[in-house]
There are 2 protein chains.
Amino acid sequence: MVEKRVDDRPDAPRNMLTEAQHILQDRLIQLGLKRSSQRDTILRVFLKVRDHLSIEELHTLIKKQDAAIGYTTVYRTLKLFVQCGLAAEVEFHDGVARYEHCLNRRSHHHMICTVCGDSVEFFSREIDEIERSIGKRFHYVTTRHSFQIYGTCEACQRKLKNTATKAQ
Amino acid sequence: MVEKRVDDRPDAPRNMLTEAQHILQDRLIQLGLKRSSQRDTILRVFLKVRDHLSIEELHTLIKKQDAAIGYTTVYRTLKLFVQCGLAAEVEFHDGVARYEHCLNRRSHHHMICTVCGDSVEFFSREIDEIERSIGKRFHYVTTRHSFQIYGTCEACQRKLKNTATKAQ
DNA sequence: ATTGCTGCAAACGATTTGCATGAGG
DNA sequence: CCTCATGCAAATCGTTTGCAGCAAT
């Protein structure tokens, strides 16, 4: 439940790391904070991974680069990345925080299988428009929204059907 | 932070309680479970309240009817209500579970002020349509979705502006 | 030098569970 | 009677915090 696709394809360009490092660096200075080798390592690993990882999953990957990095640091650093606009929390609403990087990433949403936990990404322009118009109607300054669809994926539907045959 | 509007208006009809009691009763039998005075009391209080309450808020209200009812029972009972289709969990993503009743209740969503925690309900037919079409496209059997908008309400915008005047 | 960062262990807060007892059918 | 429901206290789990020592500027 830990290995995730690592991205070495052209659409996760080498220079995304550089870009992210600059953003982080600038933001650290703005906030009066400091660089650290741990933050560098965590950023590097985080950017290599596609999709959303829990802190635990991330920590497992990070320890392969530097076994000394602790759980707490990963928590703290991911929060920092969110502040810097490098990461976004994904709300799967299953009791664990998940993060994905949001650099060069279109706004998207997730549909989650409640049986196996798998998920697919989808895009929807309407949703952004709804945020805008509802915010306007009720005089809210909106900052973000959260949208996810829950259901059962094709594979799990099949599995459930097979299990159900004798029960029927 | 506990008192909530209690509904004695015509659109929360007397017989909603009766209807809910029947649904609960039927479902209990289906599941091989039993009635109890606690479950009755919790249902009665729960239905009287509009909007979404945390377990803590609910427990406070419930204790006024029967001081002996424990925290745990409220947790367990609300889960049961969800199973029975009487309640739905509201996902505000602030670390506490909130429930609202979903009897005779149009599907709706929430926009939440991240400063004061206040929220407004809104309706959107498009969202239901998006669930349907995305589910179809990826061959998911969808069961529900979760959508909320986060931002700052009008009152908090004013307050923030006032606080900012000297900082500027 | 000063201040922020780290890792560990302990604290935390919401929720869940184990268990002895009580109530419902 | 048998089974489920209850209330309490203890356990759990993800996350946060306090703190002493280390690292960055």
Side-chain angles (χ1 to χ4, degrees), chain A residues 1-2 21 24-46 52-60 62-63 65-84 87 89-99 117, chain B residues 1-2 21 24-46 52-60 62-63 65-84 87 89-99 117:
Chain A
M1 210 21 186
V2 159
Q21 280 168 337
L24 179 60
Q25 182 58 28
D26 292 353
R27 202 81 179 90
L28 287 177
I29 292 170
Q30 263 180 53
L31 296 166
L33 306 178
K34 291 171 178 171
R35 271 187 76 253
S36 82
S37 69
Q38 289 92 329
R39 284 177 180 169
D40 289 347
T41 307
I42 295 173
L43 181 60
R44 217 169 331 105
V45 173
F46 179 58
H52 26 69
L53 262 64
S54 67
I55 296 290
E56 185 174 21
E57 291 167 334
L58 264 171
H59 185 224
T60 308
I62 288 162
K63 273 193 303 190
Q65 303 298 310
D66 178 350
I69 294 181
Y71 226 86
T72 315
T73 304
V74 183
Y75 268 107
R76 285 191 277 227
T77 306
L78 265 290
K79 295 232 143 154
L80 176 66
F81 289 176
V82 172
Q83 267 189 59
C84 300
E89 202 180 327
V90 183
E91 291 157 19
F92 276 19
H93 179 252
D94 60 351
V96 273
R98 293 163 193 284
Y99 295 89
Chain B
M1 211 20 186
V2 159
Q21 281 167 337
L24 180 60
Q25 181 59 28
D26 291 354
R27 203 79 180 93
L28 287 177
I29 291 170
Q30 264 181 52
L31 297 167
L33 306 177
K34 290 173 180 173
R35 271 187 76 253
S36 82
S37 69
Q38 288 92 330
R39 285 177 179 169
D40 289 347
T41 306
I42 295 173
L43 181 60
R44 217 168 331 104
V45 173
F46 179 59
H52 27 68
L53 262 62
S54 67
I55 296 289
E56 185 175 21
E57 291 168 334
L58 264 171
H59 185 224
T60 307
I62 288 162
K63 273 194 302 190
Q65 304 296 311
D66 179 348
I69 294 180
Y71 227 86
T72 314
T73 305
V74 182
Y75 268 106
R76 286 191 276 228
T77 306
L78 264 292
K79 294 233 142 151
L80 175 67
F81 288 176
V82 172
Q83 267 189 60
C84 300
E89 202 180 326
V90 183
E91 290 156 20
F92 276 19
H93 179 252
D94 59 352
V96 273
R98 294 162 193 284
Y99 294 89

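Letters A, B, ... are given to chains in the order of the sequence lines, protein chains preceding strands, and every chain is numbered from 1.
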Inset, instruction - For B:Leu28 and C:dG25, give me the distance from atom CG to atom P, rounded to whole Å. - result: 9 Å

Inset, instruction - Taking all heavy atoms of A:Val90 and all of A:Tyr99, pick out the closest pair and write down the distance. - result: CG2-C, 4.2 Å

Legend entry - A:Ile42 and A:Asp66: CA distance, side-chain angles, deciding distance, side-chain contact (heavy atoms from CB on, under 4.5 Å) verdict: CA-CA 9 Å; A:Ile42 295 173; A:Asp66 178 350; over 6 Å; no

Inset, instruction - Round to the nearest Å and state the distance from A:Tyr99 atom OH to D:dT15 atom C1'. - result: 9 Å

Inset, instruction - Please assess A:Val82 against A:Leu78 for the test side-chain contact (heavy atoms from CB on, under 4.5 Å), listing each intermediate value before the final yes or no. - result: CA-CA 6 Å; A:Val82 172; A:Leu78 265 290; 5.7 Å; no

Inset, instruction - Compare the minimum distances between each of D:dT15, D:dT6, C:dG7 and the side chain of A:Lys79, then state the nucleotide with the smallest one. - result: D:dT15

Legend entry - Closest-nucleotide 5' rank along DNA chain D - winner of B:Thr72 and A:Val96: B:Thr72

Inset, instruction - Nearest-nucleotide wise, let me know which of B:Tyr75 and B:Leu33 is further upstream toward the 5' end of DNA chain C. - result: B:Tyr75

Inset, instruction - Nearest whole angstrom, please: distance from the P of D:dG14 to the CD of A:Glu91. - result: 18 Å

Inset, instruction - Tell me what B:Ser36 touches on the nucleic acid: a base, only sugar-phosphate, or nothing, going by heavy atoms under 4.0 Å. - result: sugar-phosphate

Inset, instruction - Send over the distance from A:Ile69 CD1 to C:dG7 C1', rounded to a whole Å. - result: 11 Å

Legend entry - Minimum-distance nucleotide to B:Ala97 side chain [options: C:dT15, D:dT17, D:dT15]: C:dT15

Legend entry - Rounded interatomic separation in angstrom, taking CG from A:Leu78 and P from C:dC5: 15 Å

Inset, instruction - Examine C:dT2: is either OP1 or OP2 under 4.0 Å from a nitrogen or oxygen in the side chain of A:Lys34? Give yes or no. - result: no

Inset, instruction - Round to the nearest Å and state the distance from B:His59 atom NE2 to D:dC8 atom P. - result: 8 Å

Inset, instruction - Round to the nearest Å and state the distance from A:Arg76 atom CZ to D:dG18 atom C1'. - result: 10 Å

Inset, instruction - Mind checking the OG-CD1 spacing from A:Ser37 to A:Ile69? Nearest 0.5 Å is all I need. - result: 6.5 Å

Inset, instruction - Determine: side-chain N/O of B:Gln38 to OP1/OP2 of D:dG7, distance under 4.0 Å, yes or no. - result: yes

Legend entry - Value in whole Å for how far the P atom of D:dA5 lies from CZ of B:Arg27: 13 Å

Inset, instruction - Would you classify B:Arg39 as touching base, sugar-phosphate or nothing, given that sugar-phosphate means primed atoms plus P, OP1 and OP2, and contacts are heavy atoms under 4.0 Å? - result: sugar-phosphate

Legend entry - A:Arg39 to A:Phe81 - nearest heavy-atom pair and separation: O-CZ, 4.0 Å

